[in-house]
Every structure is written in C-alpha cells, then in structure tokens.
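Here's the structure, in structure tokens; my notes come after.
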Amino acid sequence: MDIDLMLRVYPFFLEAAWITILLSVLTALLGLTFGALGAAARLSRFTSLRLLGATYVSIFRGTPALIQLFILYFGGPQVGIQLDAFEAGVIGLGINAGAYMTETIRGAIISIDKGQREAARTLGLSQLQAFYKVTLPQAARLMVRPLGVNLNMLIKATALVAAISVVELTYTAQRYIGSTYKPFEMFLLAGVLYMIIIYVTGRGVAWLDRRVRIT
Amino acid sequence: MGLDFTVIPKYLDVVLLGCLWTIAITVAAALVSFFGGILLAVVALYAPAVIRLPFRAFEFVFMGTPLLLQLFLIYFGLVQIGIDLPAFVAGVIGLGLHFAVYNSELIQTAIISVDRGQMEAARTLGLSRTQALRKVVVPQAVRAVIPPIGNNMIALLKDSALVSVIGVSELTLSAQRAIGATYRPFEFYLLAAAFYYVINLAMEWVQRRIERRIAISR
Amino acid sequence: MTESTDFVQIRHAQKSFGTLEVLKDISLNVARGQIVAIIGPSGSGKSTLLRAINDLDALTGGEVWLDGVQVNKQLPHRQYEKHINEMRQQIGMVFQHFNLFPHMTARENVTMAPKMLKGLSAEEADALAKEQLDKVGMLERIDYYPSQLSGGQKQRVAIARALAMNPKLMLFDEATSALDPELVSEVNQVMKKLAEEHMTMIIVTHEMDFAASVCDRVLFMDQGVVVEEGPPEQVFGNPQKARTRAFLRKELDNPE
C-alpha cells in the first residue's frame with residue numbers, strides 16, 4: 001500500500017468530502033420537501049392529486065436515478081432548462097429521493113390507528129386539527145428511523161453525480177485512480193470518508209429517534 | 001433545440017440490444033446476490049469468530065460506501081493485481097456482492113425471527129438441529145424474505161445502470177452511443193428510462209404473483 | 001424389564017435459572033397407560049417440568065427415565081444429540097401455540113418427521129397421514145395449510161403430527177389455553193379418545209373439569225414443589241392442603 005501517495009492526495013479527498021456533505025444536505029432538504037408534498041398528494045381527497053402523487057412515486061422509483069440525472073443535465077437544455085452540474089445533481093437527486101420519502105412519510109401517517117383520529121374528532125377537533133394535533137405528531141416520531149434509511153441511501157446516491165463531473169468524493173477517487181493506477185488506495189481514502197459521513201449521520205438519526213420515541 | 005423523437009427508430013435496435021444486456025446482467029447479479037446473501041447470512045450467524053469478523057468488516061465497508069465507488073474498485077483493482085476481467089463480469093461481481101450484503105441482512109433477521117416454537121416442535125419430533133434448520137427454519141425464513149428480496153432485486157435493476165460507467169454495453173451505455181451519433185440526449189435517455197420502467201413493472205408484477213403464491217404457506 | 005408403575009420416572013428433578021429455583025426436588029412415577037394432570041398457578045414450574053421430560057428444558061439435577069432408559073443421560077455432546085433425538089421420537093409433545101409448520105400442509109406436517117427419521121416411503125407416509133388425520137377428524141383438511149385452519153383444527157393436526165411418530169408417551173403443554181372457548185371441546189374430545197386407547201399422557205392444564213373427568217391422577221404444583229397429589233376425586237373433592245384449596249377456589253371463581 002502506497003502510504004506516501006495517500007498522504008499526498010488526501011487533502012483533495014477532504015475537500016471533495018465537503019462537496020459530498022453539501023450535496024447530501026441540499027438533496028435531503030429538497031427530498032423532504034418533495035416527500036411531504038408527495039405524501040400530501042397521495043393522501044389527498046382529490047383523485048387527480050392522488051393519481052399525480054402515485055405517478056410521481058412510480059416513475060421516479062421505477063427508473064434509475066442515473067438516467068433521471070442524465071435527462072435533467074444533458075437533456076435539459078433541449079427543453080430550455082440550463083443547469084450546471086451541481087445544480088442538476090441537487091435537483092435530480094432531490095426529486096428522486098423525494099419519491100422514496102413520499103412512501104416513507106405516507107406509510108408512517110397511515111400506520112397511525114384510525115381510532116386516534118376518531119377520538120380527536122369526538123372531542124370536537126376538525127379534521128385538519130385532528131391531523132396536526134394527533135396524527136402527525138405520532139407519525140413524525142415513526143418516520144425518523146425509515147427516513148434515516150432514506151438518508152443513508154441518499155448519501156450513497158450522491159456518488160452518481162460523479163457521472164456528470166461534479167467534483168465530489170467518488171469523482172475525485174475516479175480521477176486519482178486514473179492518474180495514479182492505485183485503485184485500492186483511492187478506494188480506501190474515499191471509502192473511509194463515506195463511512196465516517198454515514199456513521200455520523202446514522203448516530204444522529206438514532207439519537208433523534210431515541211429522543212422522540214414514546215415508550 | 002427542441003425535441004425530435006423521429007430519430008429513435010433508426011437506433012432502436014441498438015437500444016433494444018442494450019435492454020437485453022441489462023436484463024442479463026440483472027439476472028446474473030441477482031443470482032450472485034441471492035446465493036451470496038444466504039452464504040453471508042449463514043456465516044454471520046453460525047461461523048466461528050475468526051471467519052465471521054472479516055466477513056463483518058466486508059459487510060460494513062460494502063454497506064457504508066456507494067456502489068459506484070465499489071465498481072471502480074473492483075474493475076480497476078482487479079486490473080491492478082493482474083486480473084483483467086471483462087467489464088460485464090466485473091459488473092456482475094460488483095452488483096452481486098453489493099446486493100448480497102443487503103440480502104444477507106434480510107436473511108439473518110428472517111432466520112432469527114422464525115418463532116422459537118418451530119425449532120422446538122421439530123426437535124420434539126426427534127429432528128437434529130441441522131435437520132430442523134434445513135426442513136423447518138430456513139424454508140420459513142426464505143418465504144419471509146422473498147418480498148423484501150424482491151425489492152432489492154428491483155433496486156438492483158435500477159443500479160445496473162451504473163455499470164455503464166465501467167463500459168458494459170447495457171441499456172444506459174447503448175443510449176449514450178445513440179446520443180453520441182445524434183446529439184439527442186433527452187430523447188434517448190427518456191427512451192432508456194421507459195425501458196427500465198417497463199422491466200421494473202414486469203418485475204413488480206412477478207413479485208406480487210410470487211407473494212400471493214406463498215402467502216398461504218406462511 | 002420395568003415395573004409397570006415405573007414406565008415414566010422423574011427422580012429428584014431440580015432446575016434453577018441462576019439463583020431462581022423453579023423445580024425443587026420433584027419425583028414422579030407414571031405407569032403405562034396412566035394419565036396424569038399437572039395443575040398449578042403460572043410460574044409454579046409445571047411447564048418446566050413437562051419440558052424437562054423430553055429435555056427441551058434441561059434439568060440442573062435429577063433424572064428422567066422412560067421405559068427403562070434414561071432420557072437425560074450424561075453423554076458426550078455428539079452422542080447425547082443422537083440419543084436425545086431417538087428418545088424424542090418416542091415422546092410426543094403438543095404445545096400451547098400449536099407450533100405447526102406454516103410452510104407445510106397438514107399432510108406434510110404429519111409425514112415430515114416419519115419420512116425423514118423412520119425412512120417411510122411416500123406411500124407409507126401418505127397412508128399414515130390419512131390414518132392419523134382421520135383419527136383427529138381432520139382428514140378432509142389434509143391438504144390445507146395451517147393458515148387456513150382454526151385454532152382447534154390446528155391443534156388437532158398438531159396432535160396427529162405427534163401421534164404419527166407412534167410415541168410411547170404424550171406430553172400436552174396447555175394444549176387448549178390458546179383456543180377460543182368454543183374450540184376447546186373438539187381438542188378435548190381427541191384427548192379423551194387417546195385416553196380410551198390407554199395412551200400414557202402427562203397433561204399440563206388449567207381446565208379442572210377436564211382433569212377431573214379424564215385423568216387418573218392430579219398433581220398440584222406451586223413454587224417448584226408438588227404440594228399435593230392423588231386421584232382427582234381427592235385433590236378436587238377433598239384437598240388436604242391450604243394452598244391447594246386457595247388455588248382451586250380462585251380457579252373456580254374465575255374460570256378462564
């Protein structure tokens with residue numbers, strides 16, 4: 001193992017790790033937004049909105065994120081959408097993650113016992129009040145762990161933007177593999193950084209889950 | 001520049017061929033991941049620590065890093081140690097190992113969660129531990145994991161797009177070839193997406209049928 | 001080779017988990033064809049005692065004998081495994097929660113062990129399955145999966161599964177406790193039928209009526225010891241010990 005080489009190039013990997021973190025944070029925020037909207041649509045009273053939500057989930061979960069990214073980044077200009085690689089990465093991955101989070105959020109909401117809502121209604125709360133005061137607070141607690149799984153997948157999915165040349169961790173590893181012919185060392189550098197990011201995120205999610213858990 | 005879908009027919013056969021390769025790599029990698037997953041699960045649950053710990057480390061690394069990075073390691077790493085594998089084989093190994101780790105997690109949980117009474121009932125009839133595992137516990141665990149493993153296999157289909165990056169001429173790379181000739185990325189990536197979507201729907205349909213079949217015997 | 005009263009012998013059975021003693025020096029002899037009920041409050045050790053007979057729960061002291069052979073013999077691990085598997089083939093057991101194999105039909109549940117362990121051919125096994133399932137009144141459900149059966153039906157299949165090994169002794173661990181009240185009698189009837197055929201049985205139960213009408217002897221256990229034992233008329237009709245009386249009064253007040 002070429003330790004000297006690793007010591008020489010690791011600052012570039014560290015820099016790239018910050019890009020991966022930034023990508024992950026922005027993608028997660030966008031994904032949560034789309035996930036909340038998607039879940040609202042899928043649980044809506046209106047058939048058209050439900051259909052829209054279901055179509056969104058089905059298409060974006062049913063095709064590769066890489067292809068979605070390519071359509072947005074390479075195909076976008078053809079339909080008047082000009083984005084740089086980073087923007088395309090955040091938006092493409094965010095919409096993709098949103099489709100998965102839609103199902104997570106919806107799953108948590110529908111798993112709350114109907115009796116909870118009924119109990120709130122018998123106290124005189126409106127449907128909306130019952131949702132915000134009774135159903136959602138319970139569902140939110142249930143969401144933490146599965147959303148953590150979504151987040152874990154999302155962090156690993158940020159590697160895809162290497163394919164549209166965003167200089168994040170995987171792209172950096174790929175470039176140095178090409179110039180140094182030391183794939184193992186480069187994998188190790190990038191891999192350790194990914195594992196740190198994922199480990200820390202996982203601990204954060206576990207901490208949050210413990211804090212909000214009832215019983 | 002606008003959109004022009006009339007360019008598609010001329011390159012349809014290229015993309016269709018890519019489609020077949022995508023199906024081939026998905027099936028091959030799915031088999032590797034299924035049997036690899038069982039092996040990893042049995043090792044994780046029953047092997048002595050000397051064997052178990054390196055396997056745990058392997059699982060930890062494979063679950064903690066992106067598939068794309070793993071593919072680079074396998075493809076270029078094997079070249080570095082003098083093994084020049086065709087990209088297709090490297091892709092099957094990479095995808096297969098990646099999903100084997102995820103399948104292993106599912107299978108382990110399933111084996112553990114088969115009710116203790118099942119083992120007891122089998123032992124009461126006089127079966128040995130190994131016989132009880134083989135006839136009673138593992139068949140139930142496999143039934144329990146078929147739905148989530150189906151989900152993993154559908155995820156595998158979509159992740160197979162990544163092997164285009166190491167040069168496997170599957171659906172995504174075929175679309176890129178057509179784009180190289182026509183400069184029509186939107187049309188051909190959309191076409192590729194449509195094919196992925198159809199394969200995905202077909203897999204979901206098969207999965208539902210299998211689930212219905214096994215529902216009664218669980 | 002053994003006295004008929006010594007068909008099943010438990011000698012000074014002792015079992016503890018850490019410092020908790022759940023069985024304290026229990027001895028019990030059961031003659032061939034005899035039916036013994038074990039009653040007592042939960043936590044009294046009655047299930048543990050039953051499960052010690054086929055070594056599902058190993059005793060920490062004492063011996064269990066069946067028909068002149070020691071069940072929990074001291075042997076090196078490999079040999080012991082072989083020995084206990086052979087012993088268990090002679091001891092049928094029925095569980096509270098049935099523990100039917102959900103991935104097998106009633107027929108497969110009954111035939112799996114005989115095929116595997118006794119080398120029965122497919123035809124022999126099939127005939128056996130029909131015979132045993134007929135005996136418990138489940139012949140018409142022979143190709144049903146457990147998920148398609150009611151609790152009482154599941155338990156009858158579970159009894160057939162145990163009987164298919166042609167056991168010398170049957171153990172029932174609260175076989176009707178998990179059943180809806182209206183399903184209890186179909187299982188009780190099967191057990192009565194076995195009694196009429198002089199099957200040796202040890203039954204852990206909380207159904208006093210059943211114990212009184214079917215069993216030759218009743219043991220009342222509490223806190224790991226046999227408080228009182230005797231024929232049902234005596235234990236139920238004229239209990240000698242205060243603890244037995246207290247337990248029976250409670251049971252009769254709150255029949256489950």
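Treat the numbers as computed from the prediction; the structure is a model and nothing was measured. Numbered from 1 within each chain, the chains take letters A, B, ... in sequence-line order.
Contact annotation for B:Q176: only side-chain heavy atoms (C-beta onward) come within less than 4.5 Å of a heavy atom of chain A. Looking at B:S164, the atoms closer than 4.5 Å to chain A (heavy atoms on both sides) all sit in the side chain, from C-beta outward. Neither the backbone nor the side chain of B:F62 comes within contact range of chain A, judged by heavy atoms closer than 4.5 Å. Using a 4.5 Å cut-off between heavy atoms, A:S58 touches chain B through backbone and side chain atoms alike. The contact between B:F60 and chain A is made by backbone and side chain atoms together, counting heavy-atom distances below 4.5 Å. In this structure, chain B has a heavy atom under 4.5 Å from the side chain of A:I177, while its backbone stays farther away. Heavy atoms closer than 4.5 Å to chain B are found nowhere in A:A65, neither backbone nor side chain.
Ranked by non-hydrogen atom pairs under 4.5 Å with chain B, the options A:Y199, A:Y73, A:F74 are led by A:F74.
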**OP:** Would you sort out whether B:L3 and A:Q78 count as a side-chain contact (heavy atoms from CB on, under 4.5 Å), showing the intermediate values?
**Re:** CA-CA 7 Å; B:L3 298 180; A:Q78 285 174 266; 3.9 Å; yes
**OP:** Begin from the C-alpha positions of A:F70 and B:I179 and carry the test side-chain contact (heavy atoms from CB on, under 4.5 Å) through to its verdict.
**Re:** CA-CA 11 Å; A:F70 284 167; B:I179 292 162; over 6 Å; no
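The shortest non-hydrogen separation linking A:I71 to B:A193 is CD1-CB, 4.3 Å. The two residues B:F186 and A:G75 come nearest to each other via the heavy atoms CD1-O, 3.3 Å.
The environment of OH in B:Y197 is crowded: more than 12 heavy-atom neighbours from other residues, nucleotides or ligands sit within 6.0 Å.
Side chain of B:K158 to main chain of A:R61: a donor-acceptor pair is present (N/O by atom type, distance under 3.5 Å, no hydrogens or angles).
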